[in-house]
Each structure stands twice: as structure tokens, then as C-alpha cells.
There are 2 protein chains.
Amino acid sequence: MEAVKPKRRTRIQTEKREIILEAALEVFAQHGFRGATIDQIAEAAGMSKPNLLYYFRSKEDIHVTLMQRLLQTWLAPLRELDDIDDPITELRSYIRRKLEMARDYPRESRLFANEILQGAPRVMPMLEGELKDLVDEKAQIIRGWMRDGRIVRTDPWHLIFAIWATTQHYADFDVQVRAVLGPDRGAEGRFEDAARFLEQLFIEGLKPKG
Amino acid sequence: MEAVKPKRRTRIQTEKREIILEAALEVFAQHGFRGATIDQIAEAAGMSKPNLLYYFRSKEDIHVTLMQRLLQTWLAPLRELDDIDDPITELRSYIRRKLEMARDYPRESRLFANEILQGAPRVMPMLEGELKDLVDEKAQIIRGWMRDGRIVRTDPWHLIFAIWATTQHYADFDVQVRAVLGPDRGAEGRFEDAARFLEQLFIEGLKPKG
DNA sequence: GCAAATTTTGACCGATTGGACAAACGTTAG
DNA sequence: CTAACGTTTGTCCAATCGGTCAAAATTTGC
């Protein structure tokens, strides 16, 4: 294992890199990697293009840095799923955490969705490595619950996919959800309704019969 | 209501436009609107760029034409949902049709996802009009079933969102699904498993108690 | 306070982009 | 056969793209 370069950073470097990443998140999430331009990111970050390129060597460099951080944030809720509480409580709070992430970090969700849609050209190794390992591990826990009859038997992997799909839908397809539901109910109301619905769908459906 | 221009088309025009749309679907679905270039589409369609621009005035023109068709295909499964068969049968076949579309038309699904992710700049009116009207109509049918106690009470709109999200997930996030499940099971197996899982999740969960 | 190091900028570059255009090439009806 | 119309192509263009560079401005260490 090679040690990563020391990368000593001045105070200004640390701050400006942060500002750039925040701006890039906004722009990448809205336009995708190819659709975003360095000029847009620079403007959103309040600096000139050459100035931005002083802090990141290239557009790709920004994107890679962003995706690395993002994946850690993204996997956090699933990492917390363990065998401590009872299955229903564990799954309920996993779904809630995931939905809260979709509500509070929609740009991160869209950035990730964009990357996967394009075929994950920059994160495929992480999907096949870190992500797969984590999902397999958690699927085994869920499978254990099923074997013990504590929740109904079903496919744990597809259960996880379904939780991802339904929760992230509220971030990725937000404009569609808003268009269909109309302006009657604000963002808070939508998420309350979604939380109630998803809890019923997954939790009631998973409780063991009788 | 203005009548649309006659648009007389020769045999060659009809054929070539079809070839271009097929090629554009492939390219747009993989790279998004901004990421796709006219040259790429022209090459995929087996013709020169100026030749392509003889059949479509601009890149946007191609995209708009594609999205209009797409939306009709996309809404078809939901249109078929009606009050003829019993609720469980109706919903089961809606879910199956939707999942089959994700399997058989993944490019269309990704193209649509791309458009929504970018904020639906080109189809927003259709979402707020045609789509909303259709969903509202079908939600009323589902609500009727709930009132009659034929399926459990829940939010019909969010139920429809959940069906969209879970089925389209297998098209839009295909590379992630494949990365996590590994190569053990081929595409057919994955979709069989998904179909079984989704049926259990939605149908068992919706059957009236007792 | 000053020299060294860091940060910022304007000007610039080659490549790619969407699109225009006129000339050349095909096709077809009379 | 040929004139009219439909199709195809090579060439070109202005705009935009990611990125470079040297010089100017600023901050920092002493």
C-alpha cells in the first residue's frame, strides 16, 4: 500500500477547495459531468477559471474528489444497519435515514444518479468493491432475520434495491413528483406523506404473519 | 387550436428520420442531452452531420421529437390500468408491464430519467398536464378500491411513485444492480428475481387483512 | 518591513461543438 | 431526355470548451 502524498495545504487552499466542491456539487448535479463547464463552477464559486484550476488540476479532478466523498456519505445509513435492535426497528430507521438523506441532500443524490446513469465510468471499481461488500454483508444480516422467522422471507438484495429506489426517487425525480402532486402540499408535507407510505409498504409487509 | 402543419414527407424522409431517432435514442440515453454530439448521432445513424441536419433542424429538434414519442410509450402501461378486473390482478399486471418495459426498453427509461434529473426543461408542461391528469385519474380508481376495502388503505399517489421507482430502478441503475449482484445470475435471472420480489412486496402488502 | 511564497488574473491556445451553405449528386414525372 | 425536385457532401464559421502561462497582486514567515 503506497502512502498518499502528504499534500500539505494552506488555510486558503483548504477553504477554497471546499468552496469549489460545494459549487461543483450544485453544477454537476444539475447538468451532469459533460454538461457542466469549468466556467459555470468557477462563477458559482465566485472566482475566475484559472484561479479554480489553481486548486484543482482539472474538471475530472473535481468530479473524482466529489464522488469519493459522496460515496462515504451515501453508504453511511446502510453501515448503521446492524443486528443490535430488533429487525423491524432496524429496517424502519434505515428507511427513515435514507429518506432524510434524499430530503436533505438531493444534490448528492442526483450527482450519484447521474454517474450511474452514464454507466458509472468513474466509480465502477467502488461499486464492485466497497459497495458490493457492504451490501452483501448487510444482506446476510437480513437473511438471518428471515431464517429466524423474525421477518417474512424474501430476497434481501432486492429489498435493499427497493429501499434505495423508493427513497432516492424523491430526490432524483423531485420535479416529477412535484408536477404530479401539484402545489397543494409543500415540501414538508410531501416528505411526511412519503415517510408514512414507505413505512406502511415495507414495515407492514415485512412483519411475520400471525 | 391551430392545426399542425401538413408536413408532407417522402418515403426516404420517413425512413431516415426513423433511423436518426433510433440512433439518437442510443446516444442521448448514454450521454445525456449535452453530452451527446450531433456527430455521434450521425455516425450511429450511418450518415454525415449535414445530412442529418437536413432531416432535423437541430439537436434540440431531435430530442423534442424523441421525448414526445417516449412519453406516449411510457404512459401506456398506466393507461391500461382500469376498473375491469379485480384490484389485485390489475395492480399485479401493471407492475409486471412496468418491469417488462424496464427490461425491454432500458434506453427509453434512461433517456427519461436524464431529462427529469436535469429538471425536465423540455417536458415540464407534459408532466404538469398529461401526466398529472392521468395519474390523478388512476389514483381515484385506486382510492375507490381502498374505500371499498378491496385493498388496504394507503396513499395512491405514493403507491404509484413507488411502483415507478422500483421498476425503473432496474433500467436506470442497471450497472449498479449488476455490480452488487455480481455475475452469478444473468439478466434473465435478475429480472425473474425482481418480478418475484416486487410482486411479494406490493401485492402481499396490499391484500386486505383477514 | 521585506523577501519569499502563495494566490489571482488577463490573455491566449488548440480542439470540439452546433450549425450554415452552396455545390454536387440522385431520382422521378412528364 | 430533361427539368424539377429531393438528397448528400465538403467546406467553412463563430462560439464554447478545457486548460496553459507569465505576470501581477497578495499573503506569509522572519
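We name chains A, B, ... by the order of the sequence lines, and we start the count at 1 in each one. Computed from heavy atoms alone, side chains included, the values below leave out hydrogens, waters and symmetry copies.
Dashed line: the shortest gap from a side-chain N or O of A:Y54 to OP1 or OP2 of C:dT8 is not under 4.0 Å. Look at A:N51 and you won't find any side-chain N or O under 4.0 angstrom from OP1 or OP2 of C:dT7.
Between the CG atom of A:D61 and the C1' atom of D:dG18 there is a distance of 13 Å, rounded to whole Å. The distance from atom CZ of A:F56 to atom P of C:dT8 is 14 Å, rounded to the nearest whole Å.
Shown here for B:L127 and A:Q176, the closest heavy-atom pair between the two residues is CD1-CA, 4.1 Å.
Each of B:I142, B:I151, B:D82, B:D83 was evaluated against B:E90; a single residue qualifies, B:D82, per the side-chain contact (heavy atoms from CB on, under 4.5 Å) test. Checked options A:R103, A:R190, A:R107; the residue passing with A:D174 is A:R190 (criterion: salt bridge (Lys or Arg N to Asp or Glu O under 4.0 Å)).
Side-chain atoms of A:K49 and base atoms of D:dG19 include a donor and an acceptor less than 3.5 Å apart.
Both the sub-6.0 Å distance and the 45° axial angle are not jointly satisfied by B:K138 relative to the ring of B:W157. In this structure, A:R17 forms a cation-pi arrangement with A:F56, its terminal cationic atom sitting closer than 6.0 Å to the ring centre and no more than 45° off the ring axis.
Across residues 37-48 of chain A, A:S48 each have a non-hydrogen atom less than 4.0 Å from an atom of DNA chain C (numbered order). Within residues 18-31 of chain B, no residue has a heavy atom under 4.0 Å from DNA chain D.
Between the side chains of B:R79 and B:Q72, at least one donor-acceptor pair of N or O atoms lies under 3.5 Å.
Within the nucleic acid shown, B:Y55 comes within 4.0 Å of sugar-phosphate atoms alone, with no base atom in reach, counting heavy atoms only.
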